[in-house]
Amino acid sequence: LVRTQAELGQQVADLHRLHELTSRLLDARTLTEQLQMILVALADFHGARQGLLTLFDTPSGTLGIAASTGFTPDAIARLMQTSGIDGACAICCAQRERTVIEDIAGADVDPGLRALASEEGFRAVHATPLDGQDGEALGAISIHLDRPRMPTARERTLADICARKAATFIERARAQAAYQESQGRFQAVLDASAVPFVVLSPIREDSSGVVVDFEWRYVNAAAAQALHRPAE
């Protein structure tokens with residue numbers, strides 16, 4: 001009974017912290033801020049001080065650091081010069097599944113990762129893939145533990161939740177960037193066009209909804225010249 005009560009108390013505390021994280025994420029202005037918040041929260045859930053969130057660049061097939069916590073500036077600088085980052089993230093993205101290195105001192109661990117672990121003081125890595133809705137590999141989020149161990153069931157669940165949150169914000173930011181780029185190209189074409197083009201937005205009465213006027217929303221250079229008015 002005591003153990004069950006403790007587990008329920010932990011679950012309530014985790015839910016509360018996830019709710020707080022969601023609220024703070026909605027207030028964040030940039031994707032970088034959002035990913036940093038998610039990474040720090042997941043490290044805290046693990047009781048760890050170090051972590052990385054990497055994004056996969058499809059054209060080059062490499063990983064880049066989008067957020068980090070607990071690593072020294074020298075370590076981050078070296079990691080940013082490598083395409084595989086810390087080994088676990090690269091494996092995680094390639095295999096599209098959770099990757100756990102229980103003990104960095106193991107015989108099959110990459111020597112570069114072992115040297116980094118010795119310098120930065122971690123002994124195990126728990127990496128979770130960031131998967132897009134269409135199955136695209138977006139990157140990975142990894143937590144670096146200060147002693148050899150496997151992640152608990154609770155930590156795996158929380159890692160999955162945080163990974164889904166990160167993937168959602170990444171895809172949302174990319175969709176917004178694609179839309180803005182598309183709108184920019186569209187406006188550039190219209191601005192260069194010799195054909196007059198305008199966009200009018202209807203103004204409606206509050207009560208009936210009847211259109212009573214129109215507001216000029218966009219005027220290209222050709223239309224401005226035809227109307228003998230500045231486009232602004």
Side-chain angles (χ1 to χ4, degrees), residues 15 17-42 52-69 76 80 83 85 89 92-93 96 128-141 160-232:
L15 288 172
R17 290 160 74 186
L18 286 171
H19 176 71
E20 286 185 339
L21 173 62
T22 300
S23 298
R24 288 167 44 232
L25 287 172
L26 295 176
D27 292 335
R29 295 182 177 273
T30 67
L31 177 63
T32 299
E33 291 179 272
Q34 292 164 339
L35 297 182
Q36 185 70 29
M37 288 179 184
I38 292 171
L39 176 62
V40 170
L42 185 58
L52 293 173
L53 195 152
T54 59
L55 296 182
F56 182 69
D57 180 63
T58 302
S60 64
T62 60
L63 290 170
I65 297 176
S68 67
T69 184
I76 294 299
M80 291 179 68
S83 60
I85 304 300
C89 285
C92 191
C93 285
R96 310 292 293 281
T128 306
L130 308 179
D131 293 329
Q133 290 186 343
D134 60 355
E136 177 190 5
L138 301 178
I141 184 169
D160 290 339
I161 292 173
C162 288
R164 284 196 296 269
K165 285 182 180 293
T168 297
F169 282 100
I170 291 167
E171 290 192 310
R172 183 180 300 175
R174 289 182 177 180
Q176 290 174 344
Y179 173 75
Q180 291 172 355
E181 182 181 356
S182 174
Q183 288 295 98
R185 289 197 301 266
F186 179 67
Q187 184 168 339
V189 170
L190 292 179
D191 285 341
S193 174
V195 178
F197 188 91
V198 303
V199 176
L200 300 177
S201 177
I203 298 176
R204 303 178 184 272
E205 282 188 345
D206 293 337
S207 56
S208 64
V210 175
V211 176
V212 296
D213 204 345
F214 289 90
E215 179 184 10
W216 298 83
R217 300 301 299 273
Y218 171 79
V219 180
N220 72 349
Q225 183 177 5
L227 294 168
H228 305 292
R229 297 286 299 276
E232 294 75 13

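No more than 12 heavy atoms of other residues, nucleotides or ligands lie within 6.0 Å of CD in Gln133, so this atom counts as exposed by the packing criterion. Other residues, nucleotides and ligands contribute at most 12 non-hydrogen atoms within 6.0 Å of the CD atom of Gln225. The local environment of CZ in Arg17 is crowded, with over 12 non-hydrogen atoms from other residues, nucleotides or ligands closer than 6.0 Å. Atom CG of Asp134 has more than 12 heavy atoms from other residues, nucleotides or ligands within 6.0 Å.
Between Ala173 and Leu31, the closest heavy-atom pair is CB-CD2, 3.9 Å. Closest approach of Ala166 and Leu53 over heavy atoms only: CB-CD1, 4.2 Å. In this structure, Ile203 and Phe214 approach most closely via the heavy-atom pair CD1-C, 4.2 Å. Taking every heavy atom of both residues into account, Ala224 and Val219 meet most closely at N-CG1, 3.5 Å. Nearest heavy atom pair, residue Gln36 against residue Ser68, reads NE2-O, 2.8 Å. Closest non-hydrogen pair, Ala28 versus Met37, comes out as CB-CE, 4.0 Å.
Summarising the geometry, atom CD1 belonging to Ile161 is positioned 10.0 Å from atom CG belonging to Leu42; distances are rounded to the nearest 0.5 Å. Annotation: the span from Gln34 atom CD to Leu26 atom CG amounts to 8.0 Å, rounded to 0.5 Å. Separation of atoms CD1 (Ile38) and CZ (Arg164) is listed at 12.0 Å; rounding is to 0.5 Å. Here SG of Cys162 is found 6.0 Å from CD1 of Ile141. Values are rounded to the nearest 0.5 Å. Here the straight-line distance linking atom CD1 of Ile170 with atom CG of Leu55 works out to 4.5 Å at 0.5 Å rounding.
Side-chain contact between Leu200 and Trp216: present, with at least one pair of heavy atoms (C-beta onward) separated by less than 4.5 Å. With a 4.5 Å cut-off on side-chain heavy atoms, Glu136 and Phe56 do not count as touching. Side chains of Leu138 and Arg174 form a contact here, defined as non-hydrogen atoms less than 4.5 Å apart. Counting only heavy atoms from C-beta outward, the side chains of Leu21 and Leu25 approach each other to under 4.5 Å. Side-chain contact check for Lys165 versus Thr22: some heavy-atom pair is nearer than 4.5 Å. Taking 4.5 Å as the limit, every side-chain heavy atom of Asn220 sits out of range of all side-chain heavy atoms of Val195.
When Leu130, Leu63, Ile65 are each tested for a side-chain contact (heavy atoms from CB on, under 4.5 Å) with Cys89, only one passes: Leu63.
For Arg185 and Glu181, the salt-bridge test passes: some basic side-chain N is under 4.0 Å from an acidic carboxylate O.
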